Each structure stands twice: as C-alpha cells, then as structure tokens.
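Worksheet: the structure to be examined is printed underneath.
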Amino acid sequence: MALKGKKRTAPAAKAPSKKRKLQANSKPRTGTTQSKKGKERAADKGYIEVPGNHDDADTEDGDVSEEDAGLLEEFGDGAGFLNTLDRKGISTSKKETERLKRLNKPARRPNVDDDLPSIDSHDEDEEAWSSGIDDEAGTISRSSVNDSEQDLSSEDDLDSDAEMSYERVPRKVQESRESKIDRHIQGLPIKSADGRIHSTGMKIAAPPSSDEEDSATDESAEEQEIPVEVNRIDDVATGARFGRPAVIDVVGNKSRTARIQGAKDQIATICQEIIAEPENSLGLLRRLHTFSLEKITSPSHPEPVLNHIIIRKLAILSQFAVFKDIIPGYRIRALTEKEKTEKVSQMVARTREWEQGFVLVYQNYLRSLEAELKAKSELAEVALKCMCTLATEVTHFNFRTNLITCIVARLSKKSWDEASDLCMNTLISIFRQDQTGAPSLEAVQLLNRMTKERHFNVHPEVLTCLLHLRLKTELNIRASDSKVDKHMQSKGKAAARRAKGKSTEQPHLSKKAQKVLKERKEIEREMRDAEAEVDKEERANTHTETLKLLFVLYFRILKHPRPTSLLPAALRGISKFAHLINIDFFKDLMQVLKDLILRDAPEEDPSADSESFRVDATTDIQHRLLCIVTAFELLSGQGEALNIDLTDFINHLYAIILPVSVSMQVDAPPPSAFVSNFGNSKPPSTADMLFRALNIVFSPRSSGNTAIHWRSAAFSKRLLIASLNWPPSAALRALEFVESLVAKDPKLEALLSTEDRRVDGVYRPEVDDPQLCHPFGTCFWELSLLQQHHYDSRVRDAARSLSNYTRS
C-alpha cells in the first residue's frame, strides 16, 4: 500500500522492427574503445562497408521481403550480373582512391650524389658507358608501387631533367608528300573471252592507313594550305536531273544535229512541266535560262562551253512564251523586314518564296535580253521583240520601267527601221491600253529626258506617239502650273473659319474621332487595293503630272532658237491637248506662235552641220500653217473667254495661199517613215492644213453670225487664183469652199457677174492684206477658164455650177 501514492511509470518504447534486428546483431562497444578512437569518418576509412553485405545467409534472407523475393525469383536471371561486380572497388573510399592515383603516377629518379664523372668529361679512348637511367628508373617505379607510405608528390625529391620511358619512345616517321602522291596499287588483271589474262595497267590510289590518319593532325601549316579537291555536285539548273542529261552534255555534243535536237527535246519538256505546275518549277525556269546563255559552265565542269546560236534563240523564245503565260495578274513587291520576321502559315510562306524566286528569275531573263540588245548581237532583234511584247502584254508586272527604258533608248537614233516601227507601236499600245496612267507617265518622263539629252536631234516621228495619250478623254480637271486644283479646304483655313463662327466643309473632330477616321481610311484603302479598282482621283493626279511633263517638252521645242524636226509633232500635240492647260498660258503661247510664223526660213548654209535640221520652202509653209491652225484651235475651246485679236494670224493665212499655189506636192502628205498598226496615222498634207485653217476662220464660232464681206471676197478670189495651178482634188475643195462663202454672204454674188459696176478702188492681188486689196474691184473670171480648159471633168462641172449659182 505504500506504493499506492506513486504514479506508474510508462513502459519503454520499443524500437522499430528493423532497428531492433540490427541492434540484436550488433555487439556492445566498450567505453574504453570509444574513448580511444572516437567516431571514425567514412572519408578516412580505406573501405566503406556496403550496407547489407554480410556473410550471414540468415541475415540476408531476413532483410529481403517476400515481395522482393518474388521479384528475384521471377527475374533472377536478369539480375545475375550483380554477382560479378567488384565489391572491393565499389567500397573504396575517396581518400583511398586519390592515394592509389598518386601511387600509380610515373615517378622520376631522385637526385643522387655519386662519384661518376659527367657526360662531357670522358675521353674519346675510354669505352662507352651507360648511365643506367633505364634500370634505375624501373627500380624506382617498382619500389614506389610496393611502398604505399612513400610520398611522391614532393617536387624537391624529383629530377626534372631526367627522361621518362615514354619520352624516349621515338616518334613515328611521316611519309613525304611525294610518297603519298605516288603510292598506288596495281589494278587486277582481266580475263578476255579467249581465256588469256591481260594486265590493265591501271593503278588505284591506296587508302591511307590508320597511322597516316593519326599523323594527319601533325601536318605543318604549309601542308594544310594545299587545296583539297571537293566533289562538286551540279544543281538542278545545270546537272542531270529527272532523267534528263546535263546541260553541258547536251550543248557539248559534237554532232550539230544531235546537239540541236537534244536541246529542242529538253526545252520542250521543261516548258511543258513549268506551265503544268508553275509554283514548283523555279529550278526548271533556271535550267531553261541556262540554255539561253552564250557560255555554259557548271560546278563539275568549270570550263565554259560555247552555246549554239539556234539553241539560244529557241531558249529565249521559249522563256518568253512561258513567262507570258505564268506571270501573275498583280505586281510582286519586296517583303519588308516586319513581314520577313512575322509568322505565317505554310501556304503563305510557300507562296512568298515562289514569288520572290520568280521575280529573280524574270529579272535575270530581262537582263540577258538587255545585254543582247546593247551588244547588237545576232539575237538583238529577237530580244527587242520579246521586250516589246512583254511591255505590251504584262505592263502591270515588275520591271515595266526597265522595258520602257530599253524601248525609248532604241528610238533615240536618227535613223528609222523596222525595229523603230516596233518600238513606236509598242508605246502607242501602252498609251491606248493604259488604265491607271502610271505607265504613260513613266514613258513621257523617259521621252522627255531622252529628247533633252539628245539636244532634239531625234527622228521627227518619235513624238507622234504622244498624240495617243488618253488625256483628252479622261482628264476632267484643268491642270495648274504648280499643283492640282483641290476643292477641299485645308485644316488651317477650316479652323480659322470655325473660330469666326462660319460654316466649313470639314467638321471639327476630337482626337478620338480623328483616330477612328484614320483607321477607317486605312481600312478603305486596303479594301480598294483588294478590289483592284482604278482610283479616279489618283488617275486624275497622274494624268495631270503627265500633262505637265508633256507641255514642258512642247514648250521647250517651241522656244528652241533653231527650227527642229520635232516642231510639227509639238504643234499637233499642243493643238490637241491645249484645252487641258491653264488659260493663263494662252497669251504667252500665242505670242510664241506669232514669232514662229514671222521667223524667216533659214538659208542653206554649206558649212552647217550635216546632222542639223534643214528647212526647205515646203516645210516652212507647213510649219506656218501648223502654227496658224494651232492658234485658232487654242481659242476655239475655253480660249473663247479671252479677248485676243487674231487678225495677224488671218493675214498670215491669206498671204500663204499664193506660195501654196505653186507647190508641187500640195495634196501629198509629208513623207513618213513610220508604219502604224493603229489605222491611218499619216500627217496631214499642206492642202488639208490650209482648208482646216480656213474652216476655223470662217466658222460661225470664229466669225460670228455674219462674216465680214470684204474678208470673204478676198479669200475667195485668192483661192480661185490658186486653183488654176492645183491638182483636181485641191481645186475641187477650193471651189466647194468658195461656194459655201457665196451662200453665206449674198454680197459675193456680185463677183459672179461680169457686168460693169462701180466700186471703190482697184483690185490689188499682190497685197497680202485682205482689207487693203479691194476684192470687189474684180470678178471671178477664173471660173470661166476652169469650166472651159481644165482637163478634169469634175473640176469643169464644179466651176460651171458655181458660175451659174442662184440663191433660192
């Protein structure tokens, strides 16, 4: 009962089963041993005991669980390699491993002070002796292995001058360069059909041995600089691909017939495959271009092979036909840096790659055509035809400016031939088919520059193509001298009007609204680009710039100090497009035309340059008539608003009728070397220009409702005088024109009668002023001669009809 008040002590906690098992097998350590050695670290031990590595079989069985025993029983054969492991090697500690490494390290003989003489001290008569380095070094090495306690890391105890055994091994002798080159193996003999054995005499280079391969790294820098022949492989543009022989093999065939036929076959198959699948045929396009080169080379055949002219011509024409068919209907532009870095789909990337590669191939083709054209070779005519057709058919595609530049450069010659006709028809076709105005603008710029650089010494037919520009029908706004007229007000003016409380065309927009408007315009621009429609405003601006350049060229020709052969073309262009220019230019232009009319025809100077333009009497008359016609046409449209007196031009027209009457080719058009493919584009004859000017002068728009009677009488009298010398066609036109004047003015009927009448003054036919010549002092007596003595019956009938005219 005495223990009743005490608490019961808790039983001691038992250790885990595995720990109890280990404690049972472990022997109790005495305190004396622990105090003597202390706890030894694993790194200081020579060997670290592998856990569970005991000799007791019972213990091993006790440590393995039933699940592990089942696995060993099932897969025991696969784990049998564990019994062959080096248990001692696995249990070696780090310190023991480092000691063994130092133990096996090659050792050098320590310096020993002996009584032997030095190497250089013996006499020549003494016998040869050995220093015994090999024996002692071997002894030291063996003793160092056995002695595990000897410290070999001290550098003071080693001889650094002594040679080790591996240092005394001689190096392998390298073969000379000549022996490597000349080392060959005799080829095996062959046995003929009759059973005899023959030696081929061929030698095959022996493969390098393993020693030679090891010594290759020890070659000198000079030996490394020797060029090594690399096995070069031809690409798809020149090599043998897809069952086709290489281009070099086809072109290098000795037989001319076989060479041309082989090239024809290969070019035909290549073109067929390209047209069938253009997106995957960039390599075939390059191969086709290779056939058009003058000299062909390849990586495996660096020596150039001369190509036949027929093969080149066939290749150039084949490329032209292929490009004409597969060129897309849009212009390919270069990718920006942002577009190159952005991620796109596989289809878009493939399309971009094909487009960029196709542009490069097309550029190489055009460069070859341009080189042939500049070299004036046998293929220059073919190259020019291909370039002209491409400029006409694929004007929208890339390198349009390059094509037009070559065509304009061909027109810069003074001579004229069939190639010039081809270039002119090409430019006219470009002008007539132009929908946007950009090609026309580029062509006018190049023509303007070429004419200026050549100092107007070009053929007079060159500028006639400018008459086919689509400016007169499509340009709806009047050109200005500095900029295009715009109806929209500027932002500054609009803000000023809003500040004053006035209404403006541009409403006030906040920053947010301006940003939204800008984004909307950007979207609309992209939509227009996607629709591929022609912007009318952009086209009008382009045509305005074209018109400016055109009239700059024309004005430069008009103000040239010496007459040029380009003056008729310039005057025709001014008369056609004059209603499009600013009306402020009209007065200055009229003055320039008056100066051209009054300019005397230059006399022929024998010392003048042969290339300078010489003006004869007929040409001078045609130039004056053109100036008069141009002046009247300028004031027939919007020039009517100007109050300009044209009396001087009318007097010049009256004065020029008599010189025209003695012209032998009054009804013949001027000689033209250009053969147009677009209808009749021959320049008008002298008679055509004369009667055109007369119709403008006496038209109701120019002369008012009633013409001046003395002017009509004077022109009628002079025309009848001139008709006595004119051919029948011109005489008939003169009689018809006089009859129309008589029908308009009843006072002219008095000139048809031969009866005496009283008038003021006497007719003076030599006076060139219609107002001072007194035309009513005479009569139309020329009608009597024409109806009686003219050889053409039509003229006689027309004269009789006019003389018997009666007003109904």
Side-chain angles (χ1 to χ4, degrees), residues 267-268 270-272 274-279 281-282 284-285 288-289 292 313-333 354-355 357-373 379-411 418-447 465-466 468-470 474 532-534 539 542 546 674-679 681:
I267 289 173
I270 289 173
C271 294
Q272 187 176 2
I274 291 173
I275 295 176
E277 196 175 5
E279 291 80 6
S281 303
L282 287 179
L284 294 178
L285 284 172
L288 184 60
H289 178 68
S292 65
K313 185 175 182 179
L314 291 174
I316 289 175
L317 293 176
S318 300
Q319 288 182 89
F320 160 71
V322 168
F323 281 123
K324 184 179 175 182
D325 288 340
I326 68 175
I327 283 179
Y330 54 90
R331 188 181 183 90
I332 299 175
R333 60 175 178 82
W354 178 81
E355 289 177 348
F358 181 77
V359 168
L360 292 178
V361 175
Y362 183 62
Q363 185 180 18
N364 293 333
Y365 174 65
L366 295 183
R367 284 177 177 174
S368 63
L369 295 182
E370 186 177 359
E372 296 293 336
L373 196 62
L379 299 175
E381 184 178 356
V382 177
L384 182 62
K385 289 182 179 179
C386 293
M387 297 181 77
C388 291
T389 310
L390 288 174
T392 305
E393 299 292 337
V394 290
T395 314
H396 64 279
F397 197 61
N398 299 51
F399 309 110
R400 175 185 61 211
T401 306
N402 302 81
L403 293 173
I404 299 177
T405 301
C406 295
I407 294 172
V408 172
R410 185 63 181 78
L411 289 173
E418 295 181 359
S420 302
D421 288 338
L422 179 62
C423 295
M424 279 288 294
N425 288 318
T426 301
L427 290 179
I428 293 174
S429 178
I430 291 174
F431 293 153
R432 294 168 70 95
Q433 299 176 5
D434 187 12
Q435 299 291 336
T436 61
S440 301
L441 177 60
E442 294 175 1
V444 172
Q445 288 175 344
L446 294 172
L447 286 171
C465 64
L466 298 175
H468 296 268
L469 287 169
R470 300 177 62 174
E474 295 187 1
E533 293 183 355
V534 179
R539 182 177 59 185
T542 305
T546 305
F674 172 51
V675 179
S676 176
N677 297 336
F678 300 92
S681 62

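Fair warning: this is a prediction, and the values are worked out from it, not measured in the lab.
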Closest approach of Leu427 to Cys465 (non-hydrogen atoms, all atoms of both residues): CD1-SG, 4.2 Å
Side-chain donor or acceptor of Arg470 paired with backbone N/O of Arg432 under 3.5 Å: yes
Working for side-chain contact (heavy atoms from CB on, under 4.5 Å), residues Leu285 and Leu282: CA-CA 5 Å; Leu285 284 172; Leu282 287 179; 4.3 Å; yes
Thr426: partners by side chain to side chain donor-acceptor pair (under 3.5 Å), with sequence neighbours left out: none
Nearest non-hydrogen partners of Ile270 and Leu284, listed with the distance: CG2-O, 3.6 Å
Which atom of Pro439 lies closest to which atom of Asp434, heavy atoms considered: CD-OD1, 3.3 Å
Check residues 325-332 and write down every donor-acceptor pair under 3.5 Å in which the side-chain atom is one partner and the other belongs to a residue at least two apart or another chain.
| residue | atom | partner | partner atom | Å |
| --- | --- | --- | --- | --- |
| Tyr330 | OH | Glu355 | OE2 | 2.7 |
| Arg331 | NH1 | Phe397 | O | 3.2 |

Residues in side-chain contact (heavy atoms from CB on, under 4.5 Å) contact with Asn402, at least two apart in sequence or another chain: Phe399
Contacts of type salt bridge (charged side-chain N to carboxylate O under 4.0 Å, His left out), residue Arg333, not counting sequence neighbours: Glu339
Set of side chain to side chain donor-acceptor pair (under 3.5 Å) partners for Thr401, sequence neighbours left out: Glu442
Distance (rounded to the nearest 0.5 Å) between Thr405 OG1 and Met387 CE: 8.5 Å
Ile430 CD1 to Leu469 CG distance, which is reported to the nearest 0.5 Å: 11.5 Å
Glu393: side-chain contact (heavy atoms from CB on, under 4.5 Å) partners, not counting sequence neighbours: Lys324, Thr389
Contacts of Glu381 that satisfy salt bridge (charged side-chain N to carboxylate O under 4.0 Å, His left out) - sequence neighbours left out: Lys385
Atom of Ser440, atom of Phe431 and distance for their closest heavy-atom approach: OG-CD2, 3.6 Å
Side-chain donor or acceptor of Arg400 paired with backbone N/O of Thr395 under 3.5 Å: yes
Point-to-point distance, once rounded to the nearest 0.5 Å, from CD1 of Ile404 to SG of Cys388: 11.0 Å
Spatial distance of atom CE (Met424) from atom NE2 (His468) [nearest 0.5 Å]: 7.0 Å
Under the side-chain contact (heavy atoms from CB on, under 4.5 Å) test, residues paired with Ser292 that sit two or more places apart: His289, Ala315, Ile316, Gln319
Least distance between heavy atoms, Leu446 atom then Val408 atom: O-CG1, 3.9 Å
Flag side-chain contact, heavy atom, 4.5 Å: Leu384 against Cys423: yes
Residues in side chain to side chain donor-acceptor pair (under 3.5 Å) contact with Glu277, at least two apart in sequence or another chain: Asn280
Distance (rounded to the nearest 0.5 Å) between Ser420 OG and Asn425 CG: 11.0 Å
Qualifying residues under ring-ring contact (aromatic ring centres under 6.0 Å, His included), relative to Phe323, sequence neighbours excluded: Phe358, Tyr362, Tyr365
Qualifying residues under side-chain contact (heavy atoms from CB on, under 4.5 Å), relative to Cys271, sequence neighbours excluded: Ile267, Leu288, Ser318, Val322
Partner set under side chain to side chain donor-acceptor pair (under 3.5 Å) for Gln433, not counting sequence neighbours: Ser429
Neighbour count above 12 (heavy atom, 6.0 Å) for Gln272 CD: no
